[in-house]
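To keep things clear, I will list the structure first and then write my remarks on it.
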There are 2 protein chains.
Amino acid sequence: MSLAKLAVLGVLMEKPMHGYELKQYFETRMPVFWMINYGSIYPVLKKLKEEGLVAARREVSEPRGKIVYEITEEGRREFRKILKERIKKEVHVRDEFTLHLFFLDYLGSEEIKDLLIQKKQGNERLLAHLTEKGETLKKILPRHRFSAIERGIMHVKTELEWLNKTIGGAV
Amino acid sequence: MSLAKLAVLGVLMEKPMHGYELKQYFETRMPVFWMINYGSIYPVLKKLKEEGLVAARREVSEPRGKIVYEITEEGRREFRKILKERIKKEVHVRDEFTLHLFFLDYLGSEEIKDLLIQKKQGNERLLAHLTEKGETLKKILPRHRFSAIERGIMHVKTELEWLNKTIGGAV
DNA sequence: CCGGTCATGTAATCTGTTACATGATTAC
DNA sequence: GTAATCATGTAACAGATTACATGACCGG
């Protein structure tokens with residue numbers, strides 16, 4: 001199962017939704033952390049329906065309007081199964097930025113410093129944003145969803161620590 | 001430019017290589033941090049050649065053997081330009097595991113605990129591996145390539161900190 | 001009635017992985 | 001001579017993004 005399918009199925013675990021609403025959900029409830037676009041959502045919903053993991057119904061009141069998708073019992077079982085499997089998969093430290101860092105020595109030391117300072121500012125903005133978001137979300141989010149945000153904050157702080165150290169060392 | 005192209009070009013910045021050698025380079029010099037497979041390497045080399053970013057020459061001694069690729073001056077310029085551009089791009093906290101965490105509350109608390117403990121063990125193994133690797137690489141790697149490894153270690157430690165906290169809280 | 005946003009969808013494209021296919025060279 | 005590994009490449013597929021296309025509905 002693709003990540004996009006798992007993501008959609010996971011959101012539908014909460015309540016039935018239509019495609020447009022799903023997009024908004026990602027934008028407002030998992031901002032910064034996850035995104036998905038219409039070019040994925042509709043094809044994914046179609047496939048999930050074909051596999052019997054979601055059921056679709058057109059709102060009776062709106063004959064040409066929204067199509068609401070509801071996760072089926074089989075969908076819930078499958079979701080839990082796949083989620084567990086994926087989490088078990090190997091841990092990795094593989095991200096784009098790591099690759100970029102491997103090549104950083106090919107740039108000039110002034111350039112490097114500028115780039116790292118820019119990164120630092122970006123991370124500071126992100127930290128401020130997450131901290132604020134975290135405060136307001138603390139009470140209303142389910143336990144582990146909040147702890148996912150906490151985790152994000154911790155990693156951003158670590159990134160800042162590393163950036164400060166590296167910028168300092170680059171003087 | 002795709003990540004795979006940047007990765008190949010970045011490795012060729014060090015010295016001319018043939019396809020098979022490139023694969024080994026990633027496996028031995030950036031283990032855990034980055035990987036690339038033949039199905040990408042050869043098509044990427046072909047494209048880079050067409051774009052004039054690398055030059056290919058067949059080893060004279062081996063008429064049917066290795067094709068050595070060397071980065072061109074234009075390739076070097078382009079590599080530095082693209083690397084800077086990519087680093088400037090927005091900071092993100094988007095990874096598969098984050099998405100999975102958002103859905104963790106749909107699993108049972110025993111299952112969650114088991115999964116987190118498994119993750120912890122995986123991260124401990126990874127930390128041990130990186131620490132050992134880091135020790136031996138410290139002297140021989142260019143400055144920022146080493147600091148990329150340090151960064152990896154810091155993030156793995158943060159992950160462990162978060163896992164311990166979360167496992168503790170889940171009791 | 002007109003602009004925004006709600007709502008659904010497809011087509012083209014890009015990137016990357018897996019699997020397959022082939023053959024040379026080296027070590028035993 | 002035969003197994004391992006060196007070496008290059010293609011084809012099929014999977015996953016996701018971007019751009020395009022369409023039209024309903026609502027507020028001013």
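So you know, we letter chains A, B, ... as the sequences are listed, proteins then strands, and number each from 1.
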Q) Where the side chain of B/Y20 is defined as all heavy atoms beyond and including C-beta, which of C/dT5, C/dT18, D/dT5 is the nearest nucleotide? A) D/dT5

**Q.** Touch class at under 4.0 angstrom, heavy-atom based, for A/L3 against every strand present
**A.** sugar-phosphate

Q) Where the side chain of B/P43 is defined as all heavy atoms beyond and including C-beta, which of D/dT17, C/dT10, D/dT10 is the nearest nucleotide? A) D/dT10

Q) Given atom CD1 of A/I82 and atom C1' of D/dG15, what is their separation to the nearest angstrom? A) 16 Å

Q | Member of B/W34, B/F79, B/F33 meeting the ring-ring contact (aromatic ring centres under 6.0 Å, His included) criterion with A/F103 | A | B/F79

Q | Ion pair A/R29/A/E14, N-O distance below 4.0 Å | A | yes

Q. What integer distance in Å separates A/K49:NZ from C/dG9:C1'?
A. 14 Å

Q | Charged N-O contact under 4.0 Å between B/R80 and A/E111 | A | no

Q: Could you label the plane-to-plane angle of the A/H18 and A/Y20 rings as parallel, tilted or perpendicular, counting under 30° as parallel and over 60° as perpendicular?
A: parallel

Q) If you check every side-chain atom of A/Y69, which of D/dT18, C/dG9, D/dG9 has the closest atom? A) C/dG9

**Q.** Rounded distance (Å) that lies between atom P of D/dT18 and atom CD1 of A/I41
**A.** 13 Å

Q | Interatomic distance where OH belongs to A/Y42 and P belongs to D/dA21 [whole Å] | A | 18 Å

Q | B/Y38 OH - D/dA7 C1' separation (whole Å) | A | 8 Å

Q. So, is B/Q24 close to the D/dC6 phosphate, meaning a side-chain N or O under 4.0 Å from OP1 or OP2?
A. yes

**Q.** Which nucleotide in C/dC6, C/dT10, D/dT8 has an atom nearest any side-chain atom of A/K46
**A.** C/dT10

Q: Select base, sugar-phosphate, or nothing to describe what B/I67 touches, counting heavy atoms under 4.0 Å on all strands.
A: sugar-phosphate

Q) Which part of the nucleic acid does A/G19 contact within heavy-atom distance under 4.0 Å: base, sugar-phosphate only, or nothing? A) sugar-phosphate

(Q) Does the structure place the NZ or CZ of B/K23 under 6.0 Å from the centre of the six-membered ring of B/Y38, at an angle of no more than 45° from the ring's axis? (A) yes

**Q.** Sugar-phosphate only, base, or nothing, as touched by A/S40 at under 4.0 Å among non-hydrogen atoms
**A.** base

Q | Closest listed nucleotide, where the reference is the side chain of B/N37 and the choices are C/dT17, D/dT8, D/dT17 | A | C/dT17

Q) Of all the choices, C/dA7, C/dT15, C/dT17, which nucleotide is nearest to the side chain of B/S2 once you look at every atom? A) C/dT15

Q.
Measure NE2/B/H18 against C1'/D/dG9 and give the value in whole Å, please.
A. 14 Å

Q) Rounded to whole angstroms, how far apart are CE on A/M17 and P on C/dT8? A) 13 Å

Q.
So if I take every side-chain heavy atom of A/A4 and compare against C/dG16, D/dA16, D/dT8, which nucleotide ends up nearest?
A. D/dA16

